[in-house]
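The residues of the chain are indexed from 1 along the displayed sequence.
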Amino acid sequence: ETILGITEMTAVYEGTVTVSYSYDGSTYTDPVAIADFLAFDKDALYNGASDSKKIYMKFTITGKESSLTNFVITYLNPDD
């Protein structure tokens with residue numbers, strides 16, 4: 001196992017950006033504001049992925065003045 005958890009999530013964005021996520025790629029959560037998503041319990045988010053350790057994400061950018069420049073997940077590795 002090369003990834004043991006999530007230590008941080010960051011994003012550069014402006015305006016209205018929401019995030020929905022799924023562990024199976026078909027059933028997604030209700031959208032939440034990206035600021036709220038970035039504040040989620042990272043252990044709970046990672047552990048919810050169970051054995052597959054896959055998390056699918058959908059970002060919705062609303063309005064001409066909104067943007068998402070980057071989204072970064074920092075993972076906990078065995079060497080950390």
Side-chain angles (χ1 to χ4, degrees):
E1 194 170 295
T2 59
I3 296 174
L4 303 176
I6 297 171
T7 60
E8 183 178 34
M9 295 188 297
T10 60
V12 176
Y13 66 94
E14 291 185 27
T16 305
V17 179
T18 60
V19 183
S20 299
Y21 66 93
S22 170
Y23 294 118
D24 63 10
S26 61
T27 304
Y28 283 81
T29 62
D30 290 335
V32 297
I34 194 165
D36 295 335
F37 181 74
L38 295 173
F40 274 9
D41 180 331
K42 285 126 188 90
D43 289 335
L45 182 65
Y46 180 78
N47 292 333
S50 65
D51 293 334
S52 74
K53 297 302 179 203
K54 292 182 182 179
I55 304 170
Y56 302 85
M57 298 180 192
K58 289 183 182 180
F59 297 90
T60 303
I61 301 166
T62 305
K64 292 179 182 179
E65 302 301 317
S66 298
S67 63
L68 175 61
T69 305
N70 80 20
F71 174 75
V72 177
I73 297 176
T74 304
Y75 295 99
L76 176 63
N77 295 306
D79 297 337
D80 291 346

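For the residue pair Ser22 and Ser26, the shortest heavy atom distance occurs at OG-N, 3.5 Å. Here the shortest heavy-atom pairing between Lys42 and Met9 reads CE-N, 3.9 Å. Listed here is the closest heavy atom pair of Asp30 and Ser20: C-OG, 3.9 Å.
The closest donor-acceptor contact from the side chain of Thr60 to the backbone of Thr18 lies at 3.5 Å or more, if one exists at all. Within the 3.5 Å criterion, the main-chain N or O of Tyr21 finds a donor-acceptor partner in the side chain of Thr29.
Between Glu65 atom CD and Glu14 atom CD the span is 8.5 Å, to the nearest 0.5 Å. Taking CG of Asn77 as the reference point, atom CG of Leu4 lies at 7.0 Å (rounded to 0.5 Å).
Two residues are said to be in side-chain contact when any heavy atoms from C-beta on lie closer than 4.5 Å; Thr7 and Tyr75 fail this criterion. A 4.5 Å side-chain heavy-atom check between Tyr46 and Leu76 finds every atom pair outside the cut-off. Residues Ile73 and Met57 are in side-chain contact: their nearest non-hydrogen atoms beyond the backbone lie under 4.5 Å apart. You'll find the side chain of Tyr23 reaches within 4.5 Å of the side chain of Leu45, heavy atoms only. Side-chain contact between Leu38 and Tyr13 is present, with at least one heavy-atom pair separated by less than 4.5 Å.
Using the six-membered ring where Trp is involved, Phe37 and Phe71 have ring planes that are tilted, between 30° and 60° apart.
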Take Tyr56 and Thr27 through the side-chain contact (heavy atoms from CB on, under 4.5 Å) test and state the conclusion after the steps.
CA-CA 10 Å; Tyr56 302 85; Thr27 304; over 6 Å; no
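Under the 4.5 Å side-chain heavy-atom criterion for Ile, Leu, Val, Met, Phe, Trp and Tyr, Tyr28 and Leu68 are members of distinct hydrophobic clusters.
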